[in-house]
Amino acid sequence: MTEDRPTGDDLVAALAALANPLRLRIVARLAGGRDYVSRLAREIGVSRPLLHMHLQRLEAAGLIVGTLELSEDGKAMKYYEVADFDLRLTPSALAEAAETLTRPDPEKGPARKEQS
């Protein structure tokens with residue numbers, strides 16, 4: 001999500017990802033610098049499997065980036081950091097994003113064909 005104006009679909013994904021308090025804490029923690037999964041789980045106070053689930057959601061929304069690296073002792077470690085994003089929620093930005101939505105409104109269910 002490096003665009004100046006995210007698409008409507010990107011905006012929905014980002015806002016949905018940030019709507020969870022734990023994911024908001026993860027982004028806040030990573031805003032201070034990149035970290036690896038085990039230490040991040042300890043500092044936030046959650047299990048690694050639960051953290052992985054939330055990290056995947058944030059990464060899919062383009063809010064964080066994960067990289068696999070080898071430590072000095074040869075152990076694989078997954079590091080995460082905040083992606084370069086800037087969300088500005090103004091009425092005009094929301095209206096512009098809404099024009100680019102391609103996914104159906106989940107509250108209305110799947111799109112129905114009009115009958116003639």
Side-chain angles (χ1 to χ4, degrees):
M1 181 176 307
T2 58
E3 304 171 18
D4 287 343
R5 299 274 187 168
T7 66
D9 296 334
D10 290 342
L11 185 59
V12 167
L15 292 176
L18 292 172
N20 180 285
L22 182 55
R23 289 193 289 266
L24 196 58
R25 285 189 198 105
I26 293 168
V27 172
R29 171 60 188 84
L30 292 175
R34 73 187 202 123
D35 208 348
Y36 62 95
V37 172
S38 295
R39 183 168 48 198
L40 189 57
R42 282 192 306 273
E43 289 185 4
I44 292 177
V46 298
S47 68
R48 287 188 313 186
L50 179 61
L51 179 63
H52 271 288
M53 181 191 72
H54 288 291
L55 290 169
Q56 287 173 346
R57 182 79 183 266
L58 289 165
E59 192 169 26
L63 300 171
I64 65 170
V65 177
T67 55
L68 195 58
E69 299 178 16
L70 290 177
S71 66
E72 290 180 11
D73 61 356
K75 194 163 64 171
M77 299 176 71
K78 184 89 180 231
Y79 280 86
Y80 286 91
E81 61 188 315
V82 175
D84 184 25
F85 71 89
D86 183 14
L87 295 176
R88 295 180 192 266
L89 300 179
T90 63
S92 63
L94 293 175
E96 188 176 314
E99 292 294 321
T100 65
L101 286 169
T102 61
R103 298 180 191 143
D105 184 346
E107 292 182 13
K108 293 183 180 178
R112 296 184 186 162
K113 293 182 181 178
E114 288 187 28
Q115 296 180 358
S116 41

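In terms of heavy-atom proximity, A61 sits nearest to A13 at CB-O, 3.7 Å. Shortest non-hydrogen contact noted between L58 and A17 is CD2-CB, 4.1 Å. Pairing each heavy atom of V37 with each of L51, the nearest pair is O-CD2, 3.5 Å. Residue G8 comes nearest to T100 through the heavy atom pair N-OG1, 2.6 Å, listed as atom of the first residue, atom of the second, then distance. In this structure, I64 and L30 approach most closely via the heavy-atom pair CG2-CD1, 4.0 Å. Summarising the geometry of M77 relative to S71, their closest heavy-atom pair is SD-CB, 3.6 Å, with the distance given to 0.1 Å.
In this structure L70 satisfies the side chain to side chain contact (heavy atoms under 4.5 Å, CB included) test together with A76, sequence neighbours excluded. Remark: E99 engages no residue in a salt bridge (charged side-chain N to carboxylate O under 4.0 Å, His left out) (not counting sequence neighbours). Here D9 pairs with T7, L101, T102, R103 under the side chain to side chain contact (heavy atoms under 4.5 Å, CB included) rule; sequence neighbours left out. Here S47 pairs with P49, L50 under the side chain to side chain contact (heavy atoms under 4.5 Å, CB included) rule; sequence neighbours left out. The side chain to side chain contact (heavy atoms under 4.5 Å, CB included) test applied to A93 returns R5, T90, not counting sequence neighbours.
Clustering ILVMFWY residues whenever any of their side-chain heavy atoms sit less than 4.5 angstrom apart, transitively, puts Y80 in the very cluster that holds L18. Placement of L15 and V12 in two distinct hydrophobic clusters is found when ILVMFWY residues are connected by side-chain heavy-atom separations under 4.5 Å, directly or transitively. Linking Ile, Leu, Val, Met, Phe, Trp and Tyr whenever their side-chain heavy atoms come within less than 4.5 Å leaves F85 and V65 in two separate clusters.
For residues 7-28, no residue pair satisfies the ring pair (Phe, Tyr, Trp, His ring centres under 6.0 Å) rule, not counting sequence neighbours. Counting only residues at least two apart or in different chains, side-chain hydrogen bond (donor to acceptor under 3.5 Å, both in side chains) contacts with residues 14-23 comprise R23-H54. Residue pairs meeting the ring pair (Phe, Tyr, Trp, His ring centres under 6.0 Å) criterion with at least one partner in residues 27-52, sequence neighbours excluded, are Y36-Y79. Counting only residues at least two apart or on different chains, no ring pair (Phe, Tyr, Trp, His ring centres under 6.0 Å) pair has a member in residues 56-75. Within the structure, every pair that satisfies the salt bridge (Lys or Arg N to Asp or Glu O under 4.0 Å) test and touches residues 41-67, not counting sequence neighbours, is listed here: R29-E43.
Considering CG of L40 and CD1 of I26, their distance stands at 6.0 Å, rounded to 0.5 Å.
Grouped by direct or indirect side-chain proximity (heavy atoms under 4.5 Å, Ile/Leu/Val/Met/Phe/Trp/Tyr only), L68 sits alone.
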